Amino acid sequence: MGERGVAVVIEDDGAIRAALTEVLRQSGFSVHPTSSGSEGLARVVEHKPDIVTVDIGLPDFDGIEVSRRIRTFSDAYVIIISRRADEADALMGFEAGADDYLIKPFRTRELKARVRAMFRRPRIIVPPASAARQSRHGAALVPEILGSVAAPDGARGIQQPAQPASKIDFAHRGLTLHEGTRQVAVDGVPVSLTRSQFDILLVLMENGRTIQTKADLVRRLRNEPYTTGTFVSAKEERAVEVQVSNLRKRLGEDTRRPRWVETVHGVGYRMTP
C-alpha cells in the first residue's frame, strides 16, 4: 500500500491512464489502473481504494453509472475526469455521488491540489457491522455490484449503528449528528451520507438559523475559511444546490414543507425553526 493509501484509475485512454497513474503514485498512492467500467468496479471491490478517478466515456458503460454503482458499496473519494465541459454533465456527476469533476486536459498540479484538499476532509467511518459485510468484498458481493442497477437517489445506502445520546453533537427535530464519527440519524434510524452531504449538514447545524450562502458552503467544501473571499463560480454554486437536493432526499425531507433544511430564496440555506 502507498504512503497515502490506495487508488483505482478507470480510464480507457492509455496515455491519460498512464499520466493519472503516475500523478497518483507521486502523491503517495498505490495505484491500480483499469480501462473499462466493469474492470474498474471489480478493482474497487477488490482493493477498497481511498480514491477513484473515473472517465465518463468508457467502452462498456459510462462513468456516471460507474460512480453510481461505486456509491452503493464504497466510501472512496470519486473524481470524474472528462472532456465534457457542459455544466449538465458535471451536475450529473455530482448527483451520481462524485466528490469532484475535472475537465480534460487537466493540469497535474491542479489534480494534486484537489486530491490534497479532499484528504484534508475526514473520511466517514464505516461501522463494524457494515465493515464485516464488506470485509475483503468476497466473491458473493462482486456479482451484486457489477451486475446491479444503480441504487435510487434517495437510497440510504450502507447504514451505521444508532448513535448513543452521549455521541450526539447536534440535534434538531429528530435529526441527530455526531461530528467525531460522522454519523447521522433521523428519529434514531441511521442515514448514510456522502462526505459533501455530511459537511453541508454539519455547517447548517452548527449555524442554526444563521443563513449560509452557497458561496459559504462551497468554501467549506474546499476546506477554506469563510473570510477568504476566494472566487466562487456559478457552476460551483449550482453543484452545491445539487448536493443540498441530494442531502434532502437522503434525509427523506419534503421540500415543500421542510422539517430541517430551509431554503432562503436567492441567498442560501439555514435550519428550520
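Since the structure is predicted, the reported quantities are computational estimates derived from the model, not experimental observations.
Rounding to the nearest 0.5 Å gives a distance of 9.5 Å between OH of Tyr269 and CG of Leu204. Of the inter-residue distances, the one linking Ser27 atom OG with Leu111 atom CG reads 7.0 Å to the nearest 0.5 angstrom. Here CG of Leu20 is found 11.5 Å from CZ of Arg25. Values are rounded to the nearest 0.5 Å. Here the CG atom belonging to Leu251 is positioned 6.0 Å from the CG atom belonging to Leu201, to the nearest 0.5 angstrom. Here Ile16 contributes atom CD1 and Glu11 contributes atom CD; the two are 4.5 Å apart, rounded to the nearest 0.5 Å. Note that the CG atom of Leu41 and the CD1 atom of Ile10 stand 6.0 Å from one another [nearest 0.5 Å].
Closest approach of Ala7 to Leu24, counting heavy atoms only: CB-CD1, 3.9 Å. Between Phe170 and Glu206, the closest heavy-atom pair is CZ-CG, 3.5 Å. Of all heavy-atom pairs spanning Pro273 and His172, the tightest one is O-CE1, 3.6 Å. Shortest non-hydrogen contact noted between Ser192 and Arg250 is O-NH1, 2.6 Å. In this structure, Ala90 and Lys235 approach most closely via the heavy-atom pair CB-CE, 3.6 Å. Between Leu175 and Met205, the closest heavy-atom pair is O-CE, 3.8 Å.
Side-chain N/O atoms of Asp216 and Thr213 include a donor and acceptor closer than 3.5 Å. Judged purely by distance below 3.5 Å, without hydrogens or angles, the side chains of Asp12 and Ser35 never pair a donor atom with an acceptor atom.
Side-chain atoms of Glu65 never come within 3.5 Å of backbone atoms of Asp62 as a donor-acceptor pair (strictly under, hydrogens ignored). Using a distance-only test at 3.5 Å, with no hydrogens or angles considered, no donor-acceptor pair links the side chain of Glu237 to the main chain of Val232. Distance alone, capped at 3.5 Å, is enough to place a donor-acceptor pair between the Arg71 side chain and the Ser74 backbone. A donor-acceptor pair under 3.5 Å is absent between the side-chain atoms of Gln183 and the main chain of Pro190, judged by distance alone. Without hydrogens or angle criteria, Thr34 side chain to Val9 main chain gives a donor-acceptor distance under 3.5 Å. Listed for the Glu236 side chain is a donor-acceptor partner under 3.5 Å among the backbone atoms of Ser233. Within the 3.5 Å criterion, the main-chain N or O of Gly63 finds a donor-acceptor partner in the side chain of Ser67. Within the 3.5 Å criterion, the main-chain N or O of Thr181 finds a donor-acceptor partner in the side chain of His178. In this structure, Asp99 contributes its side chain and Ile79 its backbone to no donor-acceptor pair below 3.5 Å. Side-chain atoms of Asn207 never come within 3.5 Å of backbone atoms of Thr210 as a donor-acceptor pair (strictly under, hydrogens ignored).
For the pair Val242/Arg238, a side-chain contact is recorded, criterion being any heavy-atom separation below 4.5 Å from C-beta on. Put simply, the side chain of Gln197 reaches to within 4.5 Å of the side chain of Asn246, judged on heavy atoms. Side-chain contact between Tyr77 and Thr194 is absent, with no heavy-atom pair separated by less than 4.5 Å. Between Val115 and Phe29, the closest side-chain pair of non-hydrogen atoms falls below 4.5 Å. You'll find the side chain of Val44 reaches within 4.5 Å of the side chain of Phe73, heavy atoms only. When side chains are defined from C-beta on, Ile200 does not count as touching Arg220, because their heavy atoms never get closer than 4.5 Å. Residues Leu177 and Arg182 form no side-chain contact, since every pair of their non-hydrogen atoms from C-beta on lies 4.5 Å or further apart.
Among pairs with a residue in residues 255-271, those fulfilling salt bridge (charged side-chain N to carboxylate O under 4.0 Å, His left out) read Asp187-Arg259, Arg209-Glu262, Asp254-Arg256, Glu262-Arg270, at least two apart in sequence or across chains.
Using bins of under 30°, 30° to 60° and over 60° for the plane-to-plane angle, the ring pair His47/His32 lands in the parallel bin.
Applying the side chain to side chain donor-acceptor pair (under 3.5 Å) rule to Arg173 yields the partners Thr272; only residues at least two apart in sequence or on another chain are considered. With sequence neighbours excluded, the residues satisfying side chain to side chain donor-acceptor pair (under 3.5 Å) with Lys112 are Gln26.
Arg69 forms a cation-pi arrangement with Phe61, by the criterion of a distance under 6.0 Å to the ring centre and an angle within 45° of the ring axis.
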Would you sort out whether Leu247 and Phe198 count as a side chain to side chain contact (heavy atoms under 4.5 Å, CB included), showing the intermediate values? CA-CA 8 Å; Leu247 169 62; Phe198 183 94; over 6 Å; no
Under the criterion side chain to side chain contact (heavy atoms under 4.5 Å, CB included), I'd like the reasoning laid out for Tyr101 against Asp89: C-alpha separation, chi angles, the key distance, then a yes or no. CA-CA 9 Å; Tyr101 190 98; Asp89 291 309; 3.4 Å; yes
Start with the C-alpha distance between Ser36 and Asp60, add both sets of side-chain angles, then the distance that settles side chain to side chain contact (heavy atoms under 4.5 Å, CB included), and finish with yes or no. CA-CA 6 Å; Ser36 69; Asp60 44 3; 3.5 Å; yes
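Checking each of Ile70, Val6, Val66 against Val52 for a side-chain contact (heavy atoms from CB on, under 4.5 Å) leaves exactly one that passes, namely Ile70.
A salt bridge between Glu95 and Arg68 is absent, with no side-chain N of the basic residue lying under 4.0 Å from a carboxylate O of the acidic one. Taking the charged nitrogens against the carboxylate oxygens, Asp55 and Lys104 do have a contact shorter than 4.0 Å, which makes a salt bridge. A salt bridge is defined here as a Lys NZ or Arg NE, NH1 or NH2 lying under 4.0 Å from an Asp or Glu carboxylate O, and Arg248 with Glu253 meets this definition.
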